[in-house]
Amino acid sequence: DLLEYWRDHHDWRGVEARLNSLPQFVTEIDGLDIHFIHVRSRHEGALPMIVTHGWPGSIIEQLKIVGPLTDPTMYGASAEDAFDLVIPSLPGHGFSAKPDKPGWDPIRIARAWAELMRRLGYDRYVAQGGDWGNAVTEQLALLKPEGLVGIHTNMPATVPDEIQAALDAHEEPPADLDAEERSAWDQLAFFDANGLAYAQEMGNRPQTLYALADSPVGLAAWMLDHDARSYDLIARVFAGEAEGLSRDDVLDNVTLYWLTNTAVSSARLYWESKLPFFAPKGVQLPTGVSVFPDEIYAAPRSWATRAYPQLIHFNRLEKGGHFAAWEQPELFSQEVRATFRSLR
């Protein structure tokens, strides 16, 4: 179904037009060209925010939130909730350059983002991310660059050390887990046993995936098999059901990867990073957490409180998954506004 729709109906020129309607730039940071969208709000006092995508995401993920966050009055929200948005493409992804030397891990990317915001003249700003975007955003928070006052994440790194150790040892869940914690345990145990094989392969041998650069259908198959719930959602979309994503949404993103030839270069980030993905990092800045139920694991409030001592917002949503800004842009925008209202 995907192949037939891609071949006969998908309109890439429409995607080009949407992208070209936004201000986009390239700047060299630390020897690498970094592409970014930069949309300033028409409202006075807008709060600058840098938003980072993940894999297999891209700037396509964030297109639906540009309007609601930069021009909130057009979407039923207050002008006081307006943001200036900076949306970069991760190194090796989309229109950013492909690193030709090792070293571009989330820590180095975070340093580049701090420099980008400095160059843009923002002396007070916030940051948001999910997936690799969360890894970069948390490292940015740990750097504490001048001007960064808080972060928001829709994929928080909250798994306590003792929980991860028990999972790694294939032990039974601790008896004292509450209902939220037990649900998170079950999700994590499932992925430990069954899921995220793509991440293991890209983390170990990204350069062996060159076949993804030979076949657009192979690339699509690889990208769709990210996590079980996202895969099920996309399958429903191509079966004709109405979901947060459309067929065109899915193919817009896959096509961007294909046309920019970034299947292998994007995979290298999994090899570069040596950070434990779900472990708390010790973020001390004010942090907002939005938990979407179909995320890889829905973080319990108790774990989030331990991971983020300055937790200023926590909310469990009723709908949405791993690609929250893409799937549920209205809910996502509401969460970001609520998180940063107290920091304006």
Side-chain angles (χ1 to χ4, degrees), residues 12-55 57-72 82-101 103-104 106-133 136-137 139-140 143 145-148 151-152 252-253 255-262 265-266 268-269 325-326 329 333 336:
W12 174 253
R13 297 304 180 196
V15 186
E16 287 184 341
R18 282 162 52 210
L19 288 171
N20 290 337
S21 70
L22 298 171
Q24 297 177 75
F25 307 89
V26 173
T27 186
E28 183 181 315
I29 301 177
D30 198 9
L32 196 73
D33 281 346
I34 299 298
H35 163 268
F36 62 100
I37 296 169
H38 186 200
V39 183
R40 294 184 185 272
S41 175
R42 65 187 176 92
H43 297 292
E44 292 290 330
L47 179 63
M49 178 168 64
I50 184 166
V51 183
T52 310
H53 65 82
W55 188 97
S58 67
I59 55 172
I60 297 292
E61 271 188 84
Q62 277 79 40
L63 294 184
K64 295 179 185 178
I65 63 170
V66 171
L69 292 180
T70 63
D71 198 3
F83 292 86
D84 288 344
L85 286 186
V86 179
I87 307 173
S89 296
L90 287 167
H93 296 63
F95 299 114
S96 283
K98 304 174 178 68
D100 58 6
K101 297 178 179 64
W104 279 95
I107 300 169
R108 187 171 179 180
I109 296 170
R111 293 195 189 103
W113 278 197
E115 172 61 15
L116 174 60
M117 296 303 277
R118 187 195 67 79
R119 290 185 188 182
L120 293 174
Y122 290 131
D123 56 10
R124 192 174 189 278
Y125 63 95
V126 294
Q128 198 287 326
D131 194 81
W132 281 118
V136 171
T137 299
Q139 291 304 312
L140 186 61
L143 290 174
E146 185 176 356
L148 180 65
I151 68 170
H152 172 269
D252 293 349
N253 190 53
T255 306
L256 179 66
Y257 271 79
W258 177 254
L259 295 179
T260 55
N261 190 27
T262 48
S265 58
S266 63
R268 293 180 191 138
L269 183 53
W326 203 23
S333 298
V336 171

*asked:* Once rounded to the nearest 0.5 Å, what's the spacing between atom OG1 of Thr70 and atom NE2 of His43?
replied: 8.0 Å

*How about Ile59 and Leu19: do any of their side-chain heavy atoms sit closer than 4.5 Å?*
yes

*asked:* Going by side-chain hydrogen bond (donor to acceptor under 3.5 Å, both in side chains), name the residues that satisfy it together with Asn253, two or more places apart in sequence or in a different chain.
replied: Ser58

_Distance (rounded to the nearest 0.5 Å) between Phe36 CZ and Phe25 CZ_ = 6.0 Å

_Test side chain to side chain contact (heavy atoms under 4.5 Å, CB included) applied to Pro329 - qualifying residues, sequence neighbours left out_ = Lys64, Ile65

*Arg13 atom CZ, over 12 foreign heavy atoms within 6.0 Å*: no

*Glu16 backbone acceptor or donor facing Asn20 side chain under 3.5 Å*: yes

*List the atom of Pro106, the atom of Gln139, and the distance in Å for their closest heavy-atom pair.*
O-CB, 4.0 Å

*Does the pair Ile37 and Leu85 meet the rule for a side-chain contact (heavy atoms from CB on, under 4.5 Å), with working shown?*
CA-CA 8 Å; Ile37 296 169; Leu85 286 186; over 6 Å; no

*Does any non-hydrogen side-chain atom of Trp55 lie less than 4.5 Å from one of Tyr257?*
yes

_CG on Leu140 to CD1 on Ile50, rounded to 0.5 Å_ = 7.0 Å

*Tell me the side chain to side chain donor-acceptor pair (under 3.5 Å) pairs involving residues 32-41, sequence neighbours left out?*
Gln24-His35, His35-Ser89, His38-Tyr122, Arg40-Tyr122

*Check Phe95 against Thr260 and note the closest heavy-atom contact, atom names and distance.*
CE2-CG2, 3.8 Å

*Any chance you could measure Leu63, atom CG, to Ile87, atom CD1, to the nearest 0.5 Å?*
7.0 Å

*Search all heavy atoms of Ile109 against all heavy atoms of Trp104 and return the closest pair with its distance.*
CG1-CE3, 3.9 Å

*asked:* Looking at every non-hydrogen atom in both residues, tell me the closest pair between Glu28 and Gly31 and how far apart they are.
replied: OE2-CA, 3.7 Å

*Hey, are the side chains of Thr262 and Lys98 touching, using non-hydrogen atoms and a 4.5 Å cut-off?*
yes

*Would you call Val336 and Val51 a side-chain contact if the rule is heavy atoms closer than 4.5 Å?*
no

*Check against side-chain contact (heavy atoms from CB on, under 4.5 Å), Val86 and Trp113*: CA-CA 10 Å; Val86 179; Trp113 278 197; over 6 Å; no

*Could you state the interatomic distance from CD1 (Ile29) to CD (Glu115), rounded to the nearest 0.5 Å?*
6.0 Å

*Would you indicate whether the side-chain heavy atoms of His152 and Val126 approach each other to under 4.5 Å?*
no

*asked:* Applying side-chain hydrogen bond (donor to acceptor under 3.5 Å, both in side chains) to Trp132 and Thr52, what does each step give before you reach the verdict?
replied: CA-CA 8 Å; Trp132 281 118; Thr52 310; over 6 Å; no

*Taking side chain as C-beta onward, heavy atoms only, is Ile34 less than 4.5 Å from Pro91?*
yes

_How close do Thr27 and Arg119 get, counting heavy atoms only, and between which atoms?_
OG1-NH1, 2.7 Å

*If every non-hydrogen atom of Pro88 is compared with every non-hydrogen atom of His53, which pair is closest and at what distance?*
O-CD2, 3.4 Å

*Non-hydrogen side-chain atoms of Val15 and Thr255 separated by less than 4.5 Å*: no

*Hey, are the side chains of Phe83 and Ser333 touching, using non-hydrogen atoms and a 4.5 Å cut-off?*
no

_Out of the candidates Lys101, Arg111, Arg108, only one should pair with Asp30 under the salt bridge (charged side-chain N to carboxylate O under 4.0 Å, His left out) rule; please name it._
Arg108

*With the threshold set at 4.0 Å, does a side-chain nitrogen-carboxylate oxygen contact exist between Asp123 and Arg118?*
no

*Could you check Tyr125 against Asp84 for side-chain contact (heavy atoms from CB on, under 4.5 Å), going step by step and ending with a plain yes or no?*
CA-CA 9 Å; Tyr125 63 95; Asp84 288 344; over 6 Å; no

_Would you compute the distance between atom OG1 of Thr137 and atom CD of Gln128 and round it to the nearest 0.5 angstrom?_
6.5 Å

